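One structure is given below, encoded as structure tokens.
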Amino acid sequence: MITLSLVPFVSGLCIGFLSIQYFVYSDTSTAKPALFSLGNSSGVHNDKRVPRHRHSDEDRSVAASLSQNVRLLCWIMTGPKNLESRTKHIRATWGKRCNKVLYMSSVETEFPTVGLNVTEGRDQLYWKTIRAFQYIYQHHHNDYDWVLKADDDTFVVIENLRHTLSKQDPEKPVYFGRRFHPFVQQGYMSGGAGYVLSKEAVRRFIKGFDTGKCSHFSTIEDMALGKCMETMGVEPGDSRDVKGRQTFHPYPPDMYLVKEPPRKRPWYLLYDHFKPREGPECCSDHIVSFHYIYPVEMYTLVYFTYHLRPYGYKYRAQNVVQITSYHFTTSTL
Amino acid sequence: MLSEGSSFMKGMALGGIFCLLLSLLGSFTPGMQSSPEDQHQHHHHHIKAPTNDELQSLSEPQMVELSQKVRVYCVIMVQPKVLVYWATAKDTWGKHCDQAVFYSSESAKALEAVDLNEQDEWAKLHKALTHAYDNSGDLRWFFVARPTTFAIIENLKYLVLAKDPNEPFYIGHTVKSGELEYVEYESGIVLSYEALRRLVNVFKDAEKCPERGRSLWKLSEEKQLAICLKYTGVFAENGEDTQGKGLFNSKSVGSLIEDGMSKNSLDVVEGCCSDLAITFSGMSPNQMQVMMFGVYRLRPYGHNFHDSLIFLPPEGSDND
């Protein structure tokens, strides 16, 4: 009863098969943008139909909320000579992660840089620092909980800095960084590694200069600021993580991470207040800074921090921030 | 006329239904759509990893099971002359292989290796791959590299996750040389079990695949490998991500960044390299130790990923 003419039947069979196959297999990867997608079966060209979603499967909600709760103002110590060669790369990378970023120079420019009442030169660095804090206190008084100072060759992971500070009280007189022990009784924080002052610490620094308790007694910026901090009762905080690993680093990563046989402290670790470690235990997973980082290494570190990752890897160290409570002696100033 | 038309319609309906049935049956192994050999008429073969869509439908126990499905045997070709690279590979990325075996041109007291007792590059590779095949146990994926390469094995596993190792795969950064497309050695070579099986088989045919490079036409070992594989119907495929960025790099991150900077790229990092890159090369041993930190530890607090696989840190390791 069912009569079939062979040729039309077979051709119908083929066409039916192929058209369904086309519809089933053609669109596999545009549904949800992913880092990888199944190559379409033609396999000839890259799947450019998928729009370039950066990290579509990344959840930044925790970092975003930290950003709202820990307002960080960053100022970068720089000068006209370095804008093109260094500072511009900070502007292109971590600078914009601060709640507010200011590039401090001797000259105001469209970079944009703030022009402070100073001249350029190594011996002007403390003047620059004093003027920078005064500028910030005058113009941005209510814009921050913390103020970070960094150099134009410092690499900073802002999210990790916020994480470190999230457990601290900005109304307390405290500052954080890589603690050095010489010259100042309570030590001071390395300038190159960057240091961060609480709102109250900034207030006291300004007051110190207003009252004459602090002065430009030295050109060594980090040590001199450390002295003023001590004078004004600002405590040096401990920025290490719960495993005792450092977060601020005055030198590049290879000078800490490379495994060495046990040896006498090398010259670059001599100033450290806390006993430094060499090899993988040196550094926290959530590092805050490295120093002497020039553009190529800067971008490389950005790639390592924010982009390259081992898929599915369960990191060994979780929840590493210290929760320390400080007991401040009351001091009237 | 009418009967012909209706035959045609019946044929179409039947063909369509048949196709749907097939696709339903094959739904969880998307890789079987078309085997790579069919595409050898095209210029390039591209290999990409599974979509999150396919993976997200899995429960956690399924994810764990899936993560353990891909196991990699690393064939690391070393030389005592450059001991420090050997030691570095062993102490860094080598730890993330399910099995890392070092194959040396000659024995070295300091480190353990399979002594190939061989100086010729192709002969070394030939012997090492044969040994790997014979000793693979239940490992089904092979990654071949020199210790000057740094590999992120987790990303390699992700790339081949949905691929059946009983199908032939030969993956890496592909280069075309005349008619031959081969995988570049310096950025690492990935072989599935089937590809290796076919290779070991064709080794027996000295005409097609000589053990030693013929003195007149000495080809580089990477090309020789491609030729031997080609005889068995296995063709090189380029490993890349959705944006077409290569996952296998013969340069270091720094070098690629420099390239981007000299081209005045707008976003140097974005344009540089894939987030799920598998290999980089050309770094010093110290840089590889820093890279270990950069890959397995350094990260910004508060950025989380909801990956569909779970890889745990290796036991007894202190730098990841």
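Letters go in sequence order (proteins before strands), and every chain restarts at 1. Here the structure is a predicted model, which means the values were calculated and not measured.
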**Prompt:** For chain A, which residues from residues 90-98 of chain B have at least one heavy atom closer than 4.5 Å to it?
**Reply:**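 Result: B:D91, B:H96.
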
Can you tell me which portion of [X] sits under 4.5 Å from chain A's heavy atoms? Options are side chain, backbone, both or neither.
| X | value |
| --- | --- |
| B:L312 | both |
| B:S317 | both |
| B:I310 | both |
| B:V268 | side chain |

**Prompt:** Taking every heavy-atom pair that is under 4.5 Å apart, which of B:M288, B:M9, B:M291 has the most such pairs with chain A?
**Reply:**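 Ranked by heavy-atom pairs under 4.5 Å with chain A, first place is B:M291.
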
So that I know where these two stand, are [X] and [Y] an aromatic pair - ring centroids less than 6.0 Å apart?
| X | Y | result |
| --- | --- | --- |
| A:F155 | A:F290 | no |
| B:F248 | B:H173 | no |
| A:Y313 | A:Y315 | yes |
| A:Y251 | A:H291 | no |

**Prompt:** Counting only heavy atoms not in A:E84, do more than 12 sit closer than 6.0 Å to its CD atom?
**Reply:**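 Count not over threshold, so no.
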
**Message:** Please classify the contact of A:V157 with chain B as side chain, backbone, both or neither, using a heavy-atom distance under 4.5 Å.
**Reply:**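 The answer is the side chain of A:V157.
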
Residues 294-303 of chain A, side-chain donor-acceptor partners within the protein, below 3.5 Å, at least two apart:
residue	atom	partner	partner atom	Å
A:Y299	OH	A:H89	ND1	2.6
A:T300	OG1	A:V296	O	2.7
A:Y303	OH	B:S274	O	2.5

**Request:** Tell me, out of A:A64, A:A63, A:S67, who's got the most heavy-atom pairs with chain B below 4.5 Å.
**Result:**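 When all of A:A64, A:A63, A:S67 are compared, A:A63 has the most.
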
**Candidates B:D275, B:V295, B:V269, B:L276 - the one meeting side chain to side chain contact (heavy atoms under 4.5 Å, CB included) with A:L308** =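 Of all the options given, the one that passes is B:V295.
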
**Asked** Is the closest side-chain heavy-atom distance between A:R162 and A:N99 below 4.5 Å?
**Response**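 When only atoms from C-beta onward are counted, A:N99 and A:R162 do touch, with a gap below 4.5 Å.
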
**Message:** Is there a side-chain contact between A:Y306 and B:R299 in this structure, where contact means two heavy atoms from C-beta onward sitting under 4.5 Å apart?
**Reply:**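 SC-SC contact between A:Y306 and B:R299 ruled out.
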
